[in-house]
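Scroll down for the structure; my scribbles are underneath it.
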Amino acid sequence: MASMATCAAPTFLRLNLEAPHKIHARMIVSGVDFCVFLLGQLLEFYCKVGCLDNAKLLFDKMPERNVFSWTAIIGLYCRLSYYEETIRLFYLMVDDGVRPDHFVFPKVFKACSELKDYRVGKDVYDYMLSIGFEGNPFVKRSLLDMFIKCGKMDFARRLFKDIELKDVVMWNIMVSGYATKGDFRQALKCIKDMEIEGVKPNQVTWNSIIAAYSQNGLFEEASDWFFKLQSSDNFTPNVVSWTALISGNVQNGCSSRALQIFKQMVIEGVEPNSITIASVVSACTNLSLSQHGKEIHAYCIKTEGLDLDVLVSNSLVDFYAKCRDLEVARKNFNRIEQKDLVSWNAMLAGYALKGCREEAIELIKEMESQGIEPDIVTWNGLITGYTQFGDGKTALEFFCKMYATGINPNITTISGALAACAQVKDLRLGKEIHSFVIRNQFEMSTGVGSALISMYSGCQHLELACSVFNELTTRDVVIWNAIITACSQSGQGISSLNMLRDMQLHNVEPNMVTMVSALPACARLAALQQGKEIHQFIIRHELDVCSFIWNSLIDMYGRCGSIKAARRVFDMMPQRDLVSWNVMIAGYGMHGFGMDAVNLFRHLRATGLKPNHYTFTNLLSACSHSGLIDEGWGYFEMMKSEYSLEPAVGQYACMVDLLARAGQFVETMAFIKEMPLEPNSAVWGSLLGACRIHLNPELAEYAAGYLLELEPQNSGNYILLANIYSAAGRWGDATRIRCLMKERGVTKPPGCSWIAVKHRVHNFIVGDTSHPLMDAIAAKMESLYAEIKEIGYVPDTKFVLQNVEEDEKEYSLCGHSEKLAIAFGLISTPPGNPLRIIKNLRVCGDCHSATKFISKVTGREIIMRDCYRFHHFINGVCTCGDYW
DNA sequence: CTAGGGTTAG
């Protein structure tokens, strides 16, 4: 009868969709009496081929269930990693009065070990003893393993001691147990002991040692053993040994090295298997190597059986989901015959990542209809996925849904929910979760602490974030990362980099996450030195560089004024995505290198990558900064005709900027009139800015009419308009605008410039005399003024707002923050060094003129970034061509 | 049915 299932398999497969009771009915009609036995066989078949829904339907309808049917269905749940269900069914079986056998116990222990629930395991063990089972070697092995995986080494040791016939498998379980938790001394002693007792270590023993070193991040030790053991007669590197090295690297965030080892393995002629491939695909996912991942997928399709493997398929579903290619992800998901929890979770997380609400809900329904309960990983995947997509609201809905189903949130859930709170700025719920954490005595662990810090900073309460940070007694790299990110994202770049320094002073080693938040902080502050050091740190420590980091490096160098270094990074990175091109084009634009931006765009087109709206915004803005009017028009048309991208208001604003900067006001006004979208503040702002360059107070007035309506609280617009009036000598109008500003309670942020000297950022606010070196700075300013006046500098007092005496105006100009920063830079850095100055507002016209002269008399290159672009002052000339 | 390498949430 055993052969019946195999022989009849094709027929049964065709019957899959038929309800089992029909089969049952047919059996009765055909007069077969052994229906219980046949149903049992049918069930075993379904379990064997992994047809969970059919197996479950049949099992539920069976009139009588014996130990074989119970064992089959329990085994299937266990094999598909539905561990809670495995245990639940075991207890149901006992309640049903069925006496378990030696085959079912290992499955229950396996489920306990996966769930890390030794209490249930111990309970089942006690029950086993109570019904007179001593346990055969198989049961004892799974018991040992269960206690060890649950961290109950003492239970395992006691059990092990009492086993009379210790076989090599049992010894290996102990060796691996010690080694995995990092106790290599005990593990090696265990190997000695087994040799003393006459049991010879085998390949598995040594693979466990290598794997444990690798999993613990001790890669040197792992490869030392790997090579040293090759001379011993019971070890040859095989696919398991190689895979152990690879997966250890992936799990410890060293995916690039994992891929190198994989390459070596292939060169050595060792055939990878499904586990190797799953790890390698995951490495590609981590490094966002979309091309490489697809190549490996192609290899799987070519290699018999690999692409049908659930493990490989799961990793591919995850890979494509993270690539945001849900169609291919779903195709891979659909092809999995025996979907396990990981499959569902990966696919659902993919839907969440792209905000596909309906699809996610539909899939959850499908999952539940197959008798699979979303367990906690599913919920967490949904919560974190939606948050990453930017839909914190839906994430919190799922959080509440999960809470309603009675599942206890774990640390990941809490972190995810807090991140969602930060996103939707729900301080109330955030605080509620905070008190929930305290009430439920969650250990104030790293995960919870960091999530609280980001929640408070996300809700714009950096001070509460800091107080959480201060209350923590132990601060590991994750906590430091959280506070660095919190400062950085709250606009406190200086504090953020100070925190980075403090962290290193506390001997906490930064990791990749640190870099993710520190690099943008460097970019904002133009802290080139720190940025470079971070780059060097990444190289020195061979940290994994994902595309996000590569792109951040390009952006950092660009915003720090080193456009050449930005281009070097761009050229050397292994794979460029669209963001890389966009960031690089933006960099050229900011620096006024319009033609370089245009050339890079040509290269981008040649790669076949499809530009998006950001690409065109950056490109058009680059054209505008360099006065490339014809090119700008061309790209504006190309966007529609070749890429069918409908220009958004952002691109229209770029065009207005382009035309108006060039002084083509008639064309500009016609363009604005004809645009199909409602002009927004960016459009009018561009026009107003151009009116300053070309001194056109009438049109300025017109643009400001809209602008002051659209952004009544934006001080920059009032200032710009008042400056234009002042420059045109219309003092009365200037004063009127300043009064209007006061009436509306709009305050102008003070002009502020900063310069980084030797790891410290020095901040200067207009008129501020508090810097400790103020006397020296003032003296330097005085001598500079004398020098530059001699070669033709005339103070341009029309930029001074106050209607005051001329000499007083000149004095007021001296206090401008960019001049203070330059003077300080000159006295605190060696001659010949370039100066990099950042200003929060638009650079003032007089400062621009003075800086040109200063670059000439001092022979220094002065690189100044204002809120719009870069100015490179070299030998009396600025790269912006006085056109900004 | 058992030991080594394991994919999904952070």
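Naming convention: chains lettered A, B, ... in sequence-line order (proteins, then strands); numbering from 1 in each chain.
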Compare the minimum distances between each of B:dT8, B:dA3, B:dA9 and the side chain of A:Thr384, then state the nucleotide with the smallest one. B:dA9
Indicate, with a heavy-atom threshold strictly under 4.0 Å, whether A:Val317 touches base, sugar-phosphate, or nothing. nothing
The side chain of A:Asp340 lies closest to which of these nucleotides: B:dT7, B:dG4, B:dA3? B:dT7
May I ask you to say what A:Gln388 touches in the nucleic acid, namely base, sugar-phosphate or nothing, with a heavy-atom cut-off under 4.0 Å? sugar-phosphate
Among the candidates B:dG5, B:dA9, B:dT7, find the nucleotide nearest to the side-chain atoms of A:Thr412. B:dA9
Under 4.0 Å between any heavy atoms, over every strand shown, what does A:Asn202 touch: base, sugar-phosphate, or nothing? Just pick one. base
To the nearest angstrom, the CG-P distance between A:Asn234 and B:dG4 comes to 18 Å
Mark yes or no for a side-chain to base donor-acceptor pair under 3.5 Å between A:Ser208 and B:dG4, with no hydrogen or angle criteria applied. no
Of the nucleotides B:dG6, B:dC1, B:dA9, which has the atom closest to the A:Phe103 side chain? B:dC1
Select one nucleotide: of B:dC1, B:dT8, B:dG4, the one nearest the side-chain heavy atoms of A:Val342. B:dT8
Winner on side-chain proximity to A:Asn207, out of B:dT7, B:dG4, B:dG5, is B:dG4
Hey, does A:Thr378 have a side-chain heavy atom less than 4.5 Å from the side chain of A:Glu373? no
Considering only heavy side-chain atoms of A:Ala211, the closest of B:dG6, B:dG4, B:dG10 is B:dG4
Need one value for A:Gln251: base, sugar-phosphate or nothing, where a base atom within 4.0 Å counts as base even if backbone is also close, heavy atoms only. sugar-phosphate
A:Tyr178 atom OH is separated from B:dG4 atom P, nearest whole Å, by 16 Å
State whether A:Phe333 and A:Lys339 meet the cation-pi test: NZ (Lys) or CZ (Arg) under 6.0 Å from the six-membered ring centroid, and within 45° of the perpendicular axis. yes
Could you work out, with side-chain contact (heavy atoms from CB on, under 4.5 Å) as the rule, every residue matching A:Gln423, not counting sequence neighbours? A:Thr387
Using whole Å, report how far CZ of A:Phe138 lies from P of B:dC1. 8 Å
Donor-acceptor pair between A:Asn345 and A:Asn314 side chains, under 3.5 angstrom: no
With sequence neighbours left out, what residues match A:His297 under ring-ring contact (aromatic ring centres under 6.0 Å, His included)? A:Tyr320
If you only use heavy atoms from C-beta on, which nucleotide in B:dA9, B:dT7, B:dG4 is closest to the side chain of A:Val204? B:dG4
